[in-house]
Amino acid sequence: MTDEILIIVNDTTFDKISELHVAADIYTAAASFDAVVGGGKNIQEGSRIKIAVNGKKSFDGIVDRVAKTGSKSADTVSISGRDLMGLIIDSHITSFTTISGKTLRQVAEYYLRQIDFVRHLNITYNAGAEALDVPQEFIQPRPGMTVFDLLSGIAAARGIHFYLRADGNIMFGRPQGYGGPVFYAWCRDGRNNTLDYNFTSDISQRYSSIVVYAQDESTDSTDAASLNKKATINDSTFPGNFAKTLVIEAQVAGVSPAAQGRMLMEQQRFNGWKLDYIMNGFTQRGSPFRPDALMAVDDERVPFTGECLVYGRQFNLKKAEAVYTTTLTLGLRGLA
C-alpha cells in the first residue's frame, strides 16, 4: 500500500483500516462509504467523518450506522454513511412558503443555510450556469418536500445539474472537469496501466433528437409567444442512419428550453456510453481519483483515444485479500 489512508471521526484520526469502500457518482445524489476500523469502539452514529488520501480530503460526511462484533481476542467496528449531500436529501421543508422573484442560488442560500454542516459549504456555478439562473416568478415549496428535490427541480428547469464535488463545493452547472487531464489510462503496444476494463455502448435509451415543449415560469407575461417555447436538440454522435425523436413537456425558467434538452441528452449519453477501469491504488501522480475530473484515454481494446470525464469513483480496500484498487466510470465529454 503506497497511499496513506486516514479516517477522521470528529477530532480522532484512525489509520488502522482493514476494509474501506467509498462510492461517488455525479448522477447519484449522495456518495456513500463503509469501513472496518481498528480502535474505533467509541465511534458513534451522527459523528462527522472525513476520509483523506495522502492528506487530501476525498470524502466529507456523516456516520449513519455503527455495528460492533467481537470475541475474547478482538473487536471489530464497522461504520457506514453518506456525504453531506445525504443531509440535504434527509432535510424536509416544514411549511408552505411562496417564494417570488428569486434565483436558484437565492433559494439554495435560504434552505441550505438551515442545515447543520451544510450551511458552511461553498455554492459554486460552472459551465455558464450563472447566466441560466434567472429569477423565477413563483416557487411554491410544500411541506414534506426535501430540500434536495426542491433545488434539483429548480435546477433542472434551467438545464443545470445539482451535485456535490469531492472538495466540498455545492455545484450548480454541468460536470465538465477542470483544466487538462488529471488522470491517464492507456493500453497500447503492450503497455497497460489498467488492471481491468469494461466497455458498454447502448442506444436503447438514447435519442437522435429531443424536442422540448415548455412554458416559461420565469415570466409574468400573458403573451402566448412569451410563455410557450420550443427547442429541438440534435445529437450528432448518435450512431446509425435512422432517427429516434423524444418529445417532452417541461416547465423552464429562462429564455429557452434548449438548456434542459441538452442536459437530458447528456444524461442519455452518459447512460449509453460507459467505460469502466479498475486502477491500482487510490491515486495517480499524487492526486486521489475523483469524479468531475478529466482522464486521457488511449486504449486499443475499446478502441478509444481522447479525453473522458470521470463520472464515478469507487475506492476498494480489503487488506485480508490484498485488494487496493479504484474503479472509475468514464463518460464522453461535452453536451451533444
Side-chain angles (χ1 to χ4, degrees), residues 25-28 104 125-134 136 152-163 171-178 180-181 199-219 223-276 291-297 299 302-312 329-336:
D25 188 303
I26 290 173
Y27 286 129
T28 299
L104 170 61
Y125 290 108
N126 78 351
E130 190 165 7
L132 297 173
D133 188 14
V134 298
Q136 193 160 329
S152 60
I154 299 172
R158 290 155 170 75
I160 300 171
H161 191 56
F162 170 41
Y163 62 104
M171 188 66 69
F172 291 117
R174 179 173 61 83
Q176 64 174 10
Y178 294 86
F199 172 68
T200 303
S201 184
D202 180 359
I203 64 170
S204 63
Q205 302 301 314
R206 289 180 59 188
Y207 291 86
S208 59
S209 62
I210 298 177
V211 179
V212 182
Y213 289 96
Q215 286 194 333
D216 187 353
E217 292 186 334
S218 66
T219 178
D223 178 63
S226 299
L227 283 171
N228 300 318
K229 299 179 182 296
K230 175 186 175 182
T232 300
I233 310 300
N234 296 307
D235 186 352
S236 61
T237 69
F238 188 81
N241 57 0
F242 62 95
K244 286 175 63 179
T245 301
L246 173 66
V247 179
I248 63 171
E249 292 182 321
Q251 292 180 328
V252 299
V255 296
S256 172
Q260 190 169 350
R262 283 193 294 267
M263 183 180 71
L264 179 59
M265 186 164 282
E266 184 183 47
Q267 291 175 348
Q268 291 178 0
R269 292 178 67 195
F270 162 69
N271 288 323
W273 195 99
K274 287 188 178 180
L275 176 58
D276 295 341
D292 204 4
L294 295 179
M295 186 169 206
V297 175
D299 196 328
V302 177
F304 181 84
T305 299
E307 292 181 358
C308 291
L309 184 67
V310 179
Y311 283 93
T329 300
L330 310 183
L332 298 171
R333 287 192 65 192
L335 292 172

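Just so it is clear, the structure is predicted and the values come from calculations on it, not from any experiment.
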What's the shortest heavy-atom distance between [X] and [Y], and which atoms?
X: Gln268; Y: Tyr207; result: OE1-N, 3.4 Å
X: Cys308; Y: Leu330; result: CB-CB, 3.9 Å
X: Pro257; Y: Val212; result: CB-CG1, 3.6 Å
X: Pro175; Y: Ile26; result: CG-CG2, 3.3 Å

Quick one: [atom1] on [X] to [atom2] on [Y], what's the gap to the nearest 0.5 Å?
X: Ile154; Y: Leu104; atom1: CD1; atom2: CG; value: 6.0 Å
X: Glu266; Y: Arg333; atom1: CD; atom2: CZ; value: 10.5 Å
X: Leu246; Y: Gln205; atom1: CG; atom2: CD; value: 10.5 Å
X: Leu132; Y: Gln260; atom1: CG; atom2: CD; value: 11.0 Å

Indicate yes or no for a side-chain donor-acceptor contact from [X] to the backbone of [Y] under 3.5 Å, with no hydrogens or angles considered.
X: Asn126; Y: Arg174; value: yes
X: Asp292; Y: Gln176; value: yes
X: Ser201; Y: Trp273; value: no
X: Arg158; Y: Val134; value: yes

Q.
Applying side-chain contact (heavy atoms from CB on, under 4.5 Å), can you list everything that pairs with Ile203, at least two apart in sequence or on another chain?
A.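 If we apply the side-chain contact (heavy atoms from CB on, under 4.5 Å) test to Ile203, skipping adjacent residues, the hits are Arg206, Phe238, Pro239, Phe242.
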Q. Distance only, no hydrogens: is a donor on one side chain within 3.5 Å (strictly under) of an acceptor on the other, for Asp202 and Ser204?
A.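 Side-chain D/A pair, Asp202 to Ser204: present.
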Heavy-atom distance under 4.5 Å between the side chains of [X] and [Y], does that happen here?
X: Val247; Y: Tyr213; answer: yes
X: Leu309; Y: Leu294; answer: yes
X: Leu264; Y: Ile233; answer: no

(Q) Consider ring-ring contact (aromatic ring centres under 6.0 Å, His included). Of Tyr125, Phe270, Tyr311, Tyr27, which one does His161 pass it with? (A) Tyr27
Q | Under the side chain to side chain donor-acceptor pair (under 3.5 Å) test, residues paired with Ser209 that sit two or more places apart | A | Thr245
Q.
Run the ring pair (Phe, Tyr, Trp, His ring centres under 6.0 Å) test against Phe162 and tell me which residues pass, sequence neighbours left out.
A.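 Phe162: ring pair (Phe, Tyr, Trp, His ring centres under 6.0 Å) contacts with Phe148, Phe172.
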